[in-house]
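Each chain gets a letter, A, B and so on, in the order the sequences are listed, and its residues count up from 1.
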Amino acid sequence: MSETLPKTYYITTPIYYVNGLPHVGSALTTIVCDVLARYHRLKGEQTFLLTGTDENATKVTQAAEKAGVPPMEFVDGLAGAFKECWGALHIANNDFVRTTEPRHTLAVQEFFSRLREKGYVYADTYEGWYSVSDETFFRDTEVKDGIAIESGKPVVRVKEENYFFKLSAFTEPLLAYIEANPNWLLPEFRKNEVVAFLKEGLRDMCITRANKGWGIPVPGDESKVIYVWFDAVINYLAVTGWPHNPEWESLWPADVHLVGKEIFVRFHATLWPAMLMALDLPLPKQVYAHGWWTVGGQKGGKSGASLPHPTRLAQFLSERSGAEPELAVDALRYLLCREMNFGPDTEFTVENCLRRFNNDLANDLGNLLNRTINMMNKYYDGVVPEVETPDTEIVALAESVCADYERSLSVFRFNDVLEATWRLVGRMNKYIDEKAPWGLAKAANNGDTESAKALAQTLTACLEVTRIVALLTSPFMPTASAAIYQQLGITEPLETVTWSDTTWGGLKAGTKVTAPKPLFPRIQELTVADTILYELGSANPPKTEETPKPVSETPPATPETEVKTDNFISIDDFLKVELKVGEILAAEPVPNTTKLLRLTVQSGEDETRTILSGIAEYYTPDELVGRQIVLIANLQPRKMRGIESQGMLLAADVDGKAVLLTPDSLVPVGSKVR
RNA sequence: GGCGAGGUAGCUCAGUUGGUUAGAGCAUACGGUUCAUACCCGUAGUGUCGCGAGUUCGAAUCUCGCCCUCGCUACCA
């Protein structure tokens, strides 16, 4: 049946977690997928691009509560913001899936039921320990003194039935599959990470949580909802209409899942393929993971800097350069794809973008078009002349660039794709200089027919290259390409152009070019004040921004964290905590650890104690000795690395960095704090 | 500490299986040109290719050791 249906080229972005507006990280992923989709359409393939939003995390209800709106209204708003952003960035997606839609929830429930029928999902009752912060269950033997030994997190006693996916059964099949399909997971070095992860052995995964009124209920057990990650990945399949739409196989399997590196190893390269294997469904043909943008050479979030919001940045480019807003959007698409390394992480700065805007877009491409059109108008009244033979060198170069373009694109090296394209642009600017058409024009005017021929050959070469480059850049900059076509006098709409038009000679003699108009005006001011950066990066309250960051938010390991909204304690509870001022007498690193310091603290007139503290990355032993600090004196002692820690220091947590609290002035050691 | 990835020009990075004077772009300096968006073109560069040793006729490239950076992981009560 389905063999008769032509397979559509199917590309997916991750579905984005709706806890904030998109930034250039998520924009990069989405733009790159769009570029890929537009390229395949150019190749004449039926192509389907999917993006969407991930809305079932239980955190959503808390965020909604905070915002003071019902959860559904809350996610409607954010899903709308994503759609709007992608529209503004010229993303031509064929569909936008929301995990709160019936088509998704039905597919997820069906998927779950089928796994259960096949014995890959089993229920298990736990009377045991549960760590809220780990979202993990522990056995009695794994817990000591109310603490999970493995994670060191506190646990609570629960009795709960949950459902588990037999992920452990797929360690070997996945390893075998990776072995047999060397280009399945890309890039290579990330595939190796997956292999390393698998070799440690997969463990069964708890795939349900207590139903608190948000999420997809487990079929036949309304007391549970399906774990958000398990639910989310099914979107790729749900959109095909699986299982009831008979044509679902015209889309599935996806040709590419393109994701950020943080959701690659655990989810897109292991969990999701294992789920598909369990139901004997075909696996996606390729899964590609790109790196992140960094800010300030490190995790942007720590330095306080963050990634700009894409539409604001495009608007800024437009304001700075004077380019039309829609062309500035295309410029941004180009800049993101050109700057990103598509393997490792890449440093992102607005100033680099501005510089590259000038160099690549204004000076190289824009100016090539501009000078070409100008000369055409000047020497030929804008009418494309007849040419007997094209310049074979340029023709050959164009061909080789097209070949490199396709080769790089096939391995998702988008920066190389553009670099190859710009070889052609660069050669042409030099070519004009070598041929000096202005000299040829003069000679031709004086009756030199050879010069006249050379002039025609030169200018048509410029026009052809510009046309071909416009075509090559069209997946990246569709609006700009259309504008180039328009200036070249090509009336055929860009939508009807195909890859075969990259062959030489597409521009017909007699075509009349239009008046020149700079596409990307040069930017005069290349420096960017901090206040502008802040504005670009923090259109939202800085609080919700969390950035070096990737691409789709949520740390994969804990997509949901339960937080009690009403977590007041009584004054009596507080008074149970015995806080004291202490003085650090000695400090030394604990061997074989990176974070732990062993501190000897005087905490009373003749009372000293040993405290282990995880601040070695932020304080050297030397600078600690002699300092007064605040400590919790009656904390249950705990052994770490064989040393008993008798208390805990208080420190502010600044983006994960510890900053010690000290008294405002020297106080007697042992002073009570309250 | 364990695992993984890296350390190449001022900056961002290329350098396939070891082979002649180690590359590109940007930034810098000087020169040229004028069709063009103060644009384009040319020239000049500087590099102990992280450090040390080894294999080899020959190493940025292979081996070993060390140093440093980044990621994951354990220790952070």
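Using atom C1' as the reference point in both B/A9 and B/A29, the two lie 16 Å apart (nearest Å). Comparing the C1' positions of B/U34 and B/C41 gives a spacing of 11 Å, expressed to the nearest Å. Nucleotides B/G47 and B/U28 are separated by 16 Å at their C1' atoms, to the nearest Å. B/U17 sits 42 Å from B/C30 when the P atoms are compared, rounded to a whole Å. Between B/A14 and B/U55, the two P atoms lie 32 Å apart (nearest whole Å). If you take atom C1' in B/G18 and the same atom in B/A60, they sit 10 Å apart, rounded to whole Å.
Of the charged side-chain nitrogens involved, none lies within less than 4.0 Å of a carboxylate oxygen, so that A/Lys430 and A/Asp433 do not count as a salt-bridged pair.
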What are the atom names and distances for every N/O pair under 3.5 Å that joins the protein to nucleotides 27-35 of chain B?
residue: B/C35; atom: O3'; partner: A/Lys378; partner atom: NZ; Å: 3.2
residue: B/C35; atom: O2; partner: A/Arg371; partner atom: NE; Å: 3.2
residue: B/C35; atom: N3; partner: A/Arg371; partner atom: NE; Å: 3.3
residue: B/C35; atom: N3; partner: A/Arg371; partner atom: NH2; Å: 2.6
residue: B/C35; atom: N4; partner: A/Arg371; partner atom: NH2; Å: 2.8

Could I get a table of every N or O pair under 3.5 Å where one atom is in the protein and the other is in nucleotides 3-7 of chain B?
none

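Taking the six-membered ring where the residue is Trp, the centroids of A/Trp272 and A/Phe267 are separated by 6.0 Å or more. A ring-centre distance under 6.0 Å is found for A/Tyr334 and A/Trp422.
Here A/Asp364 lies in heavy-atom contact (under 4.0 Å) with sugar-phosphate atoms only.
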